[in-house]
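Comments concern the structure below.
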Amino acid sequence: EKYARLYRKDLKAVPSLRIVQPLATGRILDVGCGIGYLCRLFPDYVGADVDRGALLIGRRLSRAPFVQASAHALPFRDGSFDTIIMYDIIEHLNDIPSVLHEAKRVARTVVVSLVDFQSYYRVFTHDESHTSELTVDDLVPILRAAFGEVRVTRTSGIFSLPARANEFVARHFPN
């Protein structure tokens, strides 16, 4: 339950979420929602995740609806949502083009957030469930193939380190 404390955090203070929030409008599907802490940012929110345990925590902490589902086969009709959010889940997925095709089927807008594994994040984000550590340069062509229009915005995410600290970490803690 280490992520449950995010329910108490001011999510609008997280730089990456300040970027995601205005991009995600209307009826929201949060694919790979975990415990669903993003439900606090969106009034018309549905969370979906394969992890039943995470969904049980989300249901205990929130009144938002949660659905156990794979990103590869979302149990929703075509066009059911205005926006799909995929916040830091790409690194957990196999066959990313298939997942993006499924997201495009279910929503008109897809917002993807990617952990930058080439930065200091690699020190904090190692997880055995990561199937890939894509860079933005790796992911953009995959996104363009699926959607055509892709907008890239960089942010410091949850952590904020000055550029020199990031360079130090990169030099002394290589991948």
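- To the nearest 0.5 angstrom, L143 atom CG is 7.0 Å from I90 atom CD1.
- Sparse packing is recorded around NE2 of H101, with 12 or fewer heavy atoms of other residues, nucleotides or ligands lying under 6.0 Å away.
- For the pair A64 and C39, the tightest heavy-atom approach, listed with the atom from each and the gap, is CB-CB, 3.8 Å.
- The backbone N or O of L55 lies less than 3.5 Å from no partner atom in the side chain of Q68, so there is not a single donor-acceptor pair.
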Would you sort out whether R151 and L23 count as a side-chain contact (heavy atoms from CB on, under 4.5 Å), showing the intermediate values? CA-CA 11 Å; R151 185 173 110 189; L23 297 174; 3.3 Å; yes
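- Judged by distance alone, with hydrogens and angles left aside, the side-chain atoms of R59 form a donor-acceptor pair with the main-chain N or O of F66 at under 3.5 Å.
- Using modelled atom types, no side-chain atom of R40 and backbone atom of S62 make a donor-acceptor pair closer than 3.5 Å.
- Side chain of T83 to main chain of T109: no donor-acceptor pair is present (N/O by atom type, distance under 3.5 Å, no hydrogens or angles).
- The two residues I19 and P22 make their nearest non-hydrogen contact at O-CD, 3.3 Å.
- K104 contributes a side-chain N or O that, together with a main-chain N or O of A146, makes up a donor-acceptor pair within less than 3.5 Å.
- Cluster annotation: V152 and I84 are assigned to the same hydrophobic cluster (Ile/Leu/Val/Met/Phe/Trp/Tyr, side-chain heavy-atom contacts under 4.5 Å, transitive).
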Test Y87 against D30 for side chain to side chain donor-acceptor pair (under 3.5 Å), laying out the working first. CA-CA 8 Å; Y87 191 83; D30 182 5; over 6 Å; no
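- Closest non-hydrogen pair, I89 versus G32, comes out as CG2-O, 3.4 Å.
- A distance of 9.0 Å separates NE2 of H72 from CD1 of I96, quoted to the nearest 0.5 Å.
- Note on R27 versus D82: no salt bridge recorded, every NZ/NE/NH1/NH2 to OD/OE distance being 4.0 Å or above.
- Between the D44 side chain and the G26 main chain, no donor and acceptor come within less than 3.5 Å of each other.
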Apply side-chain contact (heavy atoms from CB on, under 4.5 Å) to residues L17 and S113 and explain how you reach the verdict. CA-CA 9 Å; L17 293 177; S113 171; over 6 Å; no
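- Inter-residue side-chain proximity for S70 and V99 is flagged as unmet; no heavy-atom pair is nearer than 4.5 Å.
- Hydrophobic clustering keeps V67 apart from L56 (ILVMFWY residues linked when any side-chain heavy atoms are closer than 4.5 Å, directly or through intermediates).
- Put simply, CG on L100 and CG on L93 are 8.5 Å apart, with the number rounded to the nearest 0.5 Å.
- Note on V140: it clusters hydrophobically with M86, by side-chain heavy-atom contacts below 4.5 Å among ILVMFWY residues.
- Shown here for F42 and A24, the closest heavy-atom pair between the two residues is CE2-O, 3.5 Å.
- Pairing each heavy atom of A69 with each of P75, the nearest pair is CB-CD, 3.4 Å.
- Side-chain contact between L38 and V20 is absent, with no heavy atoms from C-beta onward closer than 4.5 Å.
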